Amino acid sequence: MTAGKGRIHPVSAFPMSIAAVSSYLDTTVLGSTMAVIKEIDSTNTYIKKRISVLDDGFTVLSERQYAGRGRLGRKFVSPEGGLYMSTLLIGRDFIENTGALTVRAAVAVKNALKEITGLHDIGIKWVNDIYCDNKKVCGILAESMARKGLCDFSVLGIGVNVTTPKSSFDSEVSEIAGSLSDFVNIGFSKNELAACILNHLEKTLFVKDKRKAAAILDDYRDSSVIIGREVIVIKGDISVRAKVLGIDDDASLYVQYEDGRTEILRTGEVSTKLIGKEKVDE
Ligand code: BTN
């Protein structure tokens, strides 16, 4: 079912609160302490500034960011209509394995968005953007750090366009961005959405069993909207056309350029832009 432009989404307008998010939570660590701040610079920055006094699993939720940050030092436009949240993970070895954090977070958020919207056409665009019908509806920023005198920590930030109007995105972003409300009636509140994301994150982030970890990686590959597609690989000022051949176990992207050369692209170095809508034939 499509909501259509200009529709009012009364459920999504329900105010966010710790009590309401908690009522949908089914976690032991994530969200055990929380803050809800209506408007904030950046939820990731909020946690990083207060790292020494916050608990493992602390989560901050907001409805607007005025200095939202994206991957590779980019800004993340964060107007009203979105859900912006960050969670602190302390001493969980993600520094050595940021690939695993990326993969597990993307799979969890994808599953949460599928569950809450009922939409099937939700996939992952490498590294960890969530797409619905060729539009980016969610971005994820994982930042891991070692700090002297403190345990290693990661901050996992998630921004979902829930009912964000197209006019709120700047021109560069509006080409690729979409909101969940473009695809479905928003019959859920941001409180439910936030809890649903945390519930799914707790199912993937702490997995130690090798077989379960491999199944999460398989889910990541199966949900990829980029494997088999033509992309523009962007490294700093350089943009080159390539075909995506696959994704490695460490979440690196395996691509082939038009001159036949292949390359393994590591997360954190590059970004990609999808071309066209379909997979490219062999
Ligand atoms: C990207 O698309 O490059 C990643 C975007 C990540 C945005 C989220 S919103 C919550 C958290 N706070 C931030 O400043 N960024 C992340």
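Index from 1, following the sequence. Just so you know, these numbers come straight off a predicted model, no measurement behind them.
- With a 4.5 Å cut-off on side-chain heavy atoms, Leu61 and Lys190 do not count as touching.
- Taking NZ of Lys273 as the reference point, atom CD1 of Ile226 lies at 13.0 Å (rounded to 0.5 Å).
- Contact of the Val240 side chain with the Ile232 side chain is not registered, since no non-hydrogen atoms from C-beta on lie closer than 4.5 Å.
- Checked for salt-bridge contact, Glu39 and Arg64 meet the test: a charged N lies under 4.0 Å from a carboxylate O.
- Under the side-chain contact (heavy atoms from CB on, under 4.5 Å) test applied with Leu193, the options Leu198, Val21, Leu113 reduce to a single match, Leu113.
- Contact annotation: the side chain of Val160 approaches that of Val162 to within less than 4.5 Å [non-hydrogen atoms, C-beta and beyond].
- A heavy-atom distance below 4.5 Å is not found between the side chains of Met34 and Val60.
- Summarising the geometry of Ala177 relative to Asn161, their closest heavy-atom pair is CB-ND2, 4.4 Å, with the distance given to 0.1 Å.
- Using a 3.5 Å distance cut-off with no hydrogens or angles, the side chains of Asp41 and Gln65 do not pair a donor with an acceptor.
- When side chains are defined from C-beta on, Val270 does not count as touching Thr272, because their heavy atoms never get closer than 4.5 Å.
- Annotation: the span from Cys132 atom SG to Phe183 atom CZ amounts to 4.0 Å, rounded to 0.5 Å.
- Nearest heavy-atom pair, Ser239 versus Ile234, reported as atom, atom and distance to 0.1 Å: OG-CG1, 3.9 Å.
- Two residues are said to be in side-chain contact when any heavy atoms from C-beta on lie closer than 4.5 Å; Phe153 and Leu88 meet this criterion.
- One finds a salt bridge joining Asp259 and Arg261 here, because a Lys/Arg side-chain nitrogen approaches an Asp/Glu carboxylate oxygen to under 4.0 Å.
- When each of Leu274, Ile124, Ile122 is tested with Tyr131 by the rule side-chain contact (heavy atoms from CB on, under 4.5 Å), just one qualifies, namely Leu274.
- Side chain of Asn185 to main chain of Gly187: no donor-acceptor pair is present (N/O by atom type, distance under 3.5 Å, no hydrogens or angles).
- If you check the side chains of Asp250 and Ser252, you find a donor sitting under 3.5 Å from an acceptor.
- Thr28 and Glu202 share a donor-acceptor pair across their side chains, judged by distance under 3.5 Å alone.
- Contact record, Gly31 with Thr59: N-OG1, 3.6 Å, taken as the closest heavy-atom pair.
- Taking every heavy atom of both residues into account, Val103 and Ala251 meet most closely at CG2-CB, 3.7 Å.
- Donor-acceptor pairing under 3.5 Å is lacking for the side chains of Asn199 and Thr27.
- The side-chain contact (heavy atoms from CB on, under 4.5 Å) check on Arg50 picks up Tyr46, Val53, Leu54, with sequence neighbours excluded.
- To the nearest 0.5 Å, atom OG of residue Ser78 and atom CD of residue Glu80 are 12.0 Å apart.
- Nearest approach of Ala106 to Asn128, heavy atoms of both residues: CB-CB, 3.8 Å.
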**OP:** For Glu63 and Met16, run side-chain contact (heavy atoms from CB on, under 4.5 Å): C-alpha distance rounded to whole Å, both residues' side-chain angles, the deciding distance at 0.1 Å, then the answer.
**Re:** CA-CA 8 Å; Glu63 298 190 70; Met16 290 200 79; 3.9 Å; yes

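- In the hydrophobic clustering of ILVMFWY residues, with side-chain heavy atoms under 4.5 Å counting as a link, Val127 and Val225 come out together.
- Here Tyr254 pairs with Leu245, Thr262, Ile264 under the side-chain contact (heavy atoms from CB on, under 4.5 Å) rule; sequence neighbours left out.
- Listed by chain and number, the residues in a side-chain contact (heavy atoms from CB on, under 4.5 Å) with Asp55 are Thr33 (sequence neighbours excluded).
- Side-chain heavy atoms closer than 4.5 Å link hydrophobic residues (I, L, V, M, F, W, Y) into clusters, and following such links, even through other members, never connects Leu141 to Leu201.
- In this structure, Tyr220 OH and Asp249 CG are separated by 12.5 Å, a value rounded to the nearest 0.5 Å.
- Between Ser86 and Leu156 the shortest side-chain heavy-atom distance does not fall below 4.5 Å.
- A donor-acceptor pair shorter than 3.5 Å can be found between the side chains of Arg74 and Ser271.
- Note that CG of Leu101 is 11.0 Å distant from CD of Glu143, once rounded to the nearest 0.5 Å.
- If you check the side chains of Ser179 and Thr163, you find no donor sitting under 3.5 Å from an acceptor.
- Val77 belongs to a hydrophobic cluster whose remaining members, ordered by chain and number, are Phe169, Val173; membership requires side-chain heavy atoms of ILVMFWY residues under 4.5 Å apart, directly or through intermediates.
- The side-chain contact (heavy atoms from CB on, under 4.5 Å) search around Asp219 returns Val107, Lys110, Asn111, Ser223, not counting sequence neighbours.
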Original post:
For Asp133 and Lys135, what are the C-alpha separation, side-chain angles and deciding distance, and is it a salt bridge (Lys or Arg N to Asp or Glu O under 4.0 Å)?
Top reply: CA-CA 6 Å; Asp133 192 17; Lys135 293 285 178 196; over 6 Å; no

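- Between Ala20 and Ser17 the shortest heavy-atom distance is N-OG, 3.0 Å.
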**OP:** May I have the step-by-step check of side-chain contact (heavy atoms from CB on, under 4.5 Å) for Thr43 and Met85, ending in yes or no?
**Re:** CA-CA 6 Å; Thr43 52; Met85 59 191 281; 5.6 Å; no

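- Hydrophobic clustering (ILVMFWY, side-chain heavy atoms < 4.5 Å, transitive): Phe76 and Leu83 are in distinct clusters.
- Between atom CZ of residue Arg229 and atom OG of residue Ser224 there is a gap of 9.0 Å, rounded to the nearest 0.5 Å.
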Subject >> salt bridge (Lys or Arg N to Asp or Glu O under 4.0 Å) between Asp170 and Lys75, worked out >> reply: CA-CA 11 Å; Asp170 57 30; Lys75 68 175 179 180; 3.4 Å; yes

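- Linking ILVMFWY side-chain heavy atoms closer than 4.5 Å, directly or via other members, places Tyr24 and Val109 in two distinct hydrophobic clusters.
- Applying the side chain to side chain donor-acceptor pair (under 3.5 Å) criterion to Gln256, with sequence neighbours excluded, gives no partner residue.
- Note on Val244: it clusters hydrophobically with Ile130, by side-chain heavy-atom contacts below 4.5 Å among ILVMFWY residues.
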**OP:** Starting from the C-alpha separation in whole Å, work towards a yes-or-no answer on side-chain contact (heavy atoms from CB on, under 4.5 Å) for Glu115 and Cys196.
**Re:** CA-CA 8 Å; Glu115 181 187 319; Cys196 187; 3.9 Å; yes

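- At least one side-chain heavy atom of Glu230 sits less than 4.5 Å from a side-chain heavy atom of Arg241.
- Inspection of the Tyr257 and Glu263 side chains reveals an N or O donor paired with an N or O acceptor under 3.5 Å.
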